[in-house]
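This report concerns only the one structure given below.
Ligands are counted one by one from 1 in listed order, and the atoms in each one are counted from 1 as well.
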Amino acid sequence: MKERGGQSTRLARLRRLMRERRISALLVTQREHVRYLSGFTGSSGWVLVTPARCVLVTDFRYQLQAKREAPATSLVIQKKDIITTVRETARTLGLRSLCFDEASLTADRINAFRKQGLGMKDVKDPLTDLRQRKDAEELGAIRLAVKRAETSFLELRPHIRPGVTERELALRLEWLMREKGAKRAAFDIIVASGGNGAMPHASVSNRRLRSGDLVTIDFGAEAKGYYCDITRTVCAGKPSARQREIHGLVLRAQQQAIERVAPGVACADADKAARDIIAAAGHGGEFGHATGHGIGLMVHEAPSLSALSKATLAPGMVVTVEPGVYIPGWGGVRIEDMVLVTERGRKLLTSLPRGL
Ligand code: ZN
Ligand code: ZN
């Protein structure tokens with residue numbers, strides 16, 4: 001059965017994983033984890049999870065917001081510092097030690113807990129694993145983010161012409177996405193024209209587009225805390241034979257990788273599907289980044305579609321597929337779409353035309 005989502009389902013899934021990993025009490029400190037688990041969106045708040053209790057610790061500024069956003073979670077407002085409050089809460093719950101994810105708790109805070117007499121044990125973060133597989137509520141938010149980004153891009157399309165600057169295009173696109181309800185752009189929008197396209201993460205410049213330039217636009221919108229991430233490379237004018245050739249190559253590589261995405265497939269194999277095609281055409285050295293990444297409450301999250309990844313695709317995962325070819329002195333092409341892993345295969349979440 002498909003899980004609908006919601007905080008109680010997520011908490012149940014987490015507790016199941018905690019039992020499997022013999023975690024009796026988990027301190028959740030990463031902001032996106034806190035939001036995923038409790039609904040609380042404030043900038044300062046930790047969650048303490050045991051088999052029976054789920055407690056959100058935050059400060060006075062967020063008292064009302066926490067009550068509204070996280071009604072199912074017990075609330076503790078810190079009176080002193082957060083370390084002391086968490087330690088006192090742990091004592092009340094009869095806990096002598098806590099598990100934590102070392103990636104999101106600094107060493108000095110871990111030491112501060114230990115000085116206060118609380119045992120601290122680092123564990124493989126169960127929430128990062130859980131968050132890879134999106135529930136229906138999360139997919140709804142991601143689809144909304146995609147819709148905001150794609151309709152904005154279609155409105156931007158007529159403005160992509162000689163004379164306009166990269167910066168003007170980036171600003172207009174951000175304005176369009178925020179006008180449609182996105183709280184923010186998912187990241188600094190990339191508009192890389194002409195030779196700038198050879199830099200995969202070029203920053204936007206005041207360069208004016210010239211007729212026949214390729215323009216790579218990498219962008220994403222936000223919706224309900226979730227993000228999307230899309231790239232299109234288009235031509236300001238009539239594309240040359242060489243531009244069509246490189247674009248066609250990247251498109252074929254992307255299509256192969258998308259078709260490789262399915263439950264049970266190694267992420268490294270999905271990466272290889274794109275990489276092999278680009279290498280066979282003699283451009284292997286010009287594709288130096290991973291083929292894709294998971295996306296959700298963060299733009300880049302697990303799993304990674306890279307040669308080094310040990311992860312396996314599973315239903316509910318949402319990944320980008322974004323091969324590219326970057327040629328110094330000439331420019332570059334990247335095409336990026338978002339794919340949902342389903343029970344039987346895959347579903348494309350993005351639908352913008354991919355042509356030049
Ligand atoms: Zn991107
Ligand atoms: Zn991406």
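No side-chain donor from either of Tyr226 and Arg143 sits under 3.5 Å from a side-chain acceptor of the other. Side-chain contact check for Asn196 and Glu166: at least one donor-acceptor pair (N or O, by modelled atom type) lies under 3.5 Å.
Counting backbone and side-chain atoms alike, Asp229 contributes an N/O/S atom closer than 2.8 Å to the Zn ion (ligand 2). Note on Glu322: not counted as a metal contact of the Zn ion (ligand 1), no N/O/S atom lying under 2.8 Å. The Zn ion (ligand 2) has His293 among its coordinating residues (N/O/S atom, backbone or side chain, under 2.8 Å).
For the pair His293 (side chain) and Val299 (backbone), a donor-acceptor distance under 3.5 Å is present. The backbone N or O of Ser304 sits less than 3.5 Å from a side-chain atom of Ser309, completing a donor-acceptor pair.
Within Asp218, the N, O or S atom at minimum distance from the Zn ion (ligand 1) carries the name OD1. Residue Glu336 approaches the Zn ion (ligand 2) most closely through its N/O/S atom OE2.
The aromatic ring centres of His289 and Tyr326 sit less than 6.0 Å apart.
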